[in-house]
Amino acid sequence: MDHAADAHRTDLMTITRHVLNEQRRNPESRGDFTILLSHIVFGCKFVASAVNKAGLAKLIGLAGETNVQGEEQKKLDVLSNEVFVKALVSSGRTCVLVSEEDEEATFVDPALRGKYCVCFDPLDGSSNIDCGVSIGTIFGIYMIKDKDNVTLEDVLQPGTNMLAAGYCMYGSSCTLVLSTGSGVNGFTLDPSLGEFILTHPDIKIPKKGKIYSVNEGNAQNWDAAVAKFVEKCKYPKDGSPPKSLRYIGSMVADVHRTLLYGGVFLYPADKKSPNGKLRVLYEVFPMSFLMEQAGGQSFTGKERALDLVPTNIHDRSPVFLGSYDDVEEIKALYAELAKTSSA
């Protein structure tokens, strides 16, 4: 990369400009979505800043302790949740919010309501903060038919109804990956400008990958299809080289690598968690939406992940997502398992 030339680039595609360009393609759009997204972007910038200071906070005695004013310092995941809830409510474009941190959905005051529902995990992988592993925010956006009479039923929509989804990864750089339904684009935060700049235009996942990502510590509890797939990854019988295992244990980081390099991310059901562990509304759906928009697939072991209809805001599901051919292979193994089970 020519850094000297880069420093003098004057035509930078910011995330706001990108979304405004998308808006122009829809003449009926009134800019509500753009305003909503700018508030999500603000939340991501705030959390990125807080995550960067997390180690320092511990060094100077702030994290989880009482400060000089006698106020207890909030944990980063609680703080992130509050920032996103306040940013989304103040946008005036949301009517209901679902957060991983809150047991109940948040219904926005009628005077501040808009037409969107946002489901989000404010800080996914927060248990990894202390060891410096990449963590992130995941979000999915829906339209609500009647903002004045919104109920919980309106939130429990299949993932196919999602308008937009994305995640922001806080790592060696801060990267926001977004899809508004016409492809996937990645933006990197330039700290000197305080802006997300387009760095990964039109992301396409390779059709087949060389990496598989799964917690093999759960192997003894897997069903036959998952066990067989992982066995094939390690000991291929068709003469192809074995796949590499890469597992970070932070969903945003694992999915981000899968999206860029190809391969497959697996979080299957097992004997301990027969319904899987990842939450449908704010983990499985947004990541599945992004994978499909990038040319990949997402599967639950029974059906296309986006066809699920949740019955509870914190429903869980198994998920297999990534390169088209790799997920196709998993689907074939589950079809084979279903045949032998019914025989």
Checklist outcome for this item: residues 236-252 vs salt bridge (charged side-chain N to carboxylate O under 4.0 Å, His left out), sequence neighbours excluded, gives K243-D326
Next on the checklist: Test: ring-ring contact (aromatic ring centres under 6.0 Å, His included). Region: residues 172-204. Which pairs qualify, not counting sequence neighbours?
Outcome noted: H18-F187
Item to check | salt bridge (charged side-chain N to carboxylate O under 4.0 Å, His left out) against E336, all qualifying residues, sequence neighbours excluded | outcome: K228
Item to check | P268 and F320, any side-chain heavy atoms less than 4.5 Å apart | outcome: yes
Checklist entry - Roughly how far, to the nearest 0.5 Å, is CG of N81 from CG of D121? => result 9.0 Å
Item to check | G249 backbone acceptor or donor facing D254 side chain under 3.5 Å | outcome: yes
Checklist outcome for this item: Taken in chain and number order and not counting sequence neighbours, the residues that satisfy ring pair (Phe, Tyr, Trp, His ring centres under 6.0 Å) with F289 are none
Checklist entry - Can you find a side-chain donor-acceptor pair between E22 and T180 that sits under 3.5 Å? => result yes
Next on the checklist: Are V51 and M251 connected into the same hydrophobic cluster when the rule is that any two of I, L, V, M, F, W, Y join if their side-chain heavy atoms are below 4.5 Å apart?
Outcome noted: no
Next on the checklist: Between R316 and S273, is there a side-chain donor-acceptor contact under 3.5 Å, judged purely by atom types and distance?
Outcome noted: no
Checklist entry - Would you say L123 and Y170 make side-chain contact, with heavy atoms under 4.5 Å? => result yes
Checklist entry - Linking I/L/V/M/F/W/Y whenever any side-chain heavy atoms sit under 4.5 Å apart, do V47 and L88 land together? => result yes
Checklist entry - Hey, is NZ on K277 packed in by over 12 heavy atoms from elsewhere, all under 6.0 Å? => result no
Item to check | Side chains of L308 and D315 in contact at under 4.5 Å (non-hydrogen atoms) | outcome: no
Next on the checklist: Which heavy atom of G183 sits nearest to which heavy atom of Q293, and what is that distance?
Outcome noted: N-OE1, 2.9 Å
Item to check | Verify same cluster id: M13, I40 (apolar side-chain graph, 4.5 Å) | outcome: yes
Next on the checklist: Quick one: does any side-chain atom of T137 pair with a main-chain N or O of P122 as donor and acceptor, under 3.5 Å?
Outcome noted: yes
Item to check | Common cluster, F139/L97, ILVMFWY with side-chain heavy-atom separation under 4.5 Å | outcome: yes
Checklist entry - So does K302 have more than 12 non-hydrogen atoms from other groups sitting under 6.0 Å from NZ? => result no
Next on the checklist: Using side-chain heavy atoms (C-beta onward) and a distance below 4.5 Å, is M287 in contact with S298?
Outcome noted: no
Next on the checklist: Can you tell me if K115 has over 12 outside heavy atoms packed within less than 6.0 Å of its NZ?
Outcome noted: yes
Checklist entry - Is there a donor-acceptor pair under 3.5 Å between the side chain of S250 and the backbone N or O of S134? => result yes
Checklist entry - What do the steps show when you test M291 against V255 for side-chain contact (heavy atoms from CB on, under 4.5 Å), and what is the final call? => result CA-CA 9 Å; M291 275 299 166; V255 170; 3.9 Å; yes
Checklist outcome for this item: When rounded to the nearest 0.5 Å, the distance separating CG of L156 from CG of N161 is 11.5 Å
Checklist entry - Side-chain contact, heavy-atom cut-off 4.5 Å: S49 with K53? => result yes
Item to check | Residues R17, E195: salt bridge by 4.0 Å N-O rule | outcome: no
Checklist entry - Do any N or O atoms from the side chain of D102 and from the backbone of E104 form a donor-acceptor pair under 3.5 angstrom? => result no
Checklist entry - If we only count heavy atoms from C-beta on, is the D270 to V226 side-chain gap below 4.5 Å? => result no
Item to check | Chi angles and distances behind the side-chain contact (heavy atoms from CB on, under 4.5 Å) call for T188, T175 | outcome: CA-CA 4 Å; T188 303; T175 307; 4.1 Å; yes
Checklist entry - Taking it one step at a time, do V264 and I330 satisfy side-chain contact (heavy atoms from CB on, under 4.5 Å)? => result CA-CA 10 Å; V264 62; I330 294 169; 3.8 Å; yes
Checklist outcome for this item: What one should report as the nearest heavy-atom pair of R113 and V108 is NE-O, 2.6 Å
Checklist entry - Under the ring-ring contact (aromatic ring centres under 6.0 Å, His included) rule, what pairs show up with a residue in residues 215-248, not counting sequence neighbours? => result none
Checklist entry - When rounded to the nearest 0.5 angstrom, what is the spacing between OH in Y261 and CD1 in I211? => result 8.0 Å
Next on the checklist: Any non-hydrogen side-chain atom of L12 less than 4.5 Å from a side-chain atom of L198?
Outcome noted: no
Item to check | I141 versus L37, closest heavy-atom pair with distance | outcome: CD1-CD1, 4.3 Å
Item to check | Side chain proximity check, F285 to I138, heavy atoms < 4.5 angstrom | outcome: no
Item to check | Nearest non-hydrogen partners of L245 and V214, listed with the distance | outcome: CD1-O, 3.8 Å
Checklist entry - For the atom pair OG (S317) and CZ (F299), what is the distance rounded to the nearest 0.5 Å? => result 10.0 Å
Next on the checklist: Can you tell whether the side chains of E101 and K75 come within less than 4.0 Å, N to carboxylate O?
Outcome noted: no
Item to check | Nearest atoms (heavy-atom pairs only) where A305 meets V284 | outcome: CB-CG1, 4.1 Å
Checklist outcome for this item: Y282 meets the ring pair (Phe, Tyr, Trp, His ring centres under 6.0 Å) criterion, sequence neighbours left out, with H314
Item to check | Between NZ on residue K145 and CD on residue Q157, distance to nearest 0.5 Å | outcome: 6.0 Å
Next on the checklist: When you measure from the side chain of S179 to the backbone of G181, do you find a donor-acceptor pair of N or O atoms at a distance under 3.5 Å?
Outcome noted: yes
Item to check | Within one Ile-Leu-Val-Met-Phe-Trp-Tyr cluster: F84 and L112, side-chain cutoff 4.5 Å | outcome: yes
Next on the checklist: If I compare all heavy atoms of A253 with all of M169, which pair ends up nearest, and what's the gap?
Outcome noted: CA-SD, 3.8 Å
Item to check | Interatomic spacing from CG in L20 to CD1 in I15 - rounded to 0.5 Å | outcome: 11.0 Å
Item to check | side-chain contact (heavy atoms from CB on, under 4.5 Å) between L189 and L176, worked out | outcome: CA-CA 8 Å; L189 183 63; L176 198 155; over 6 Å; no
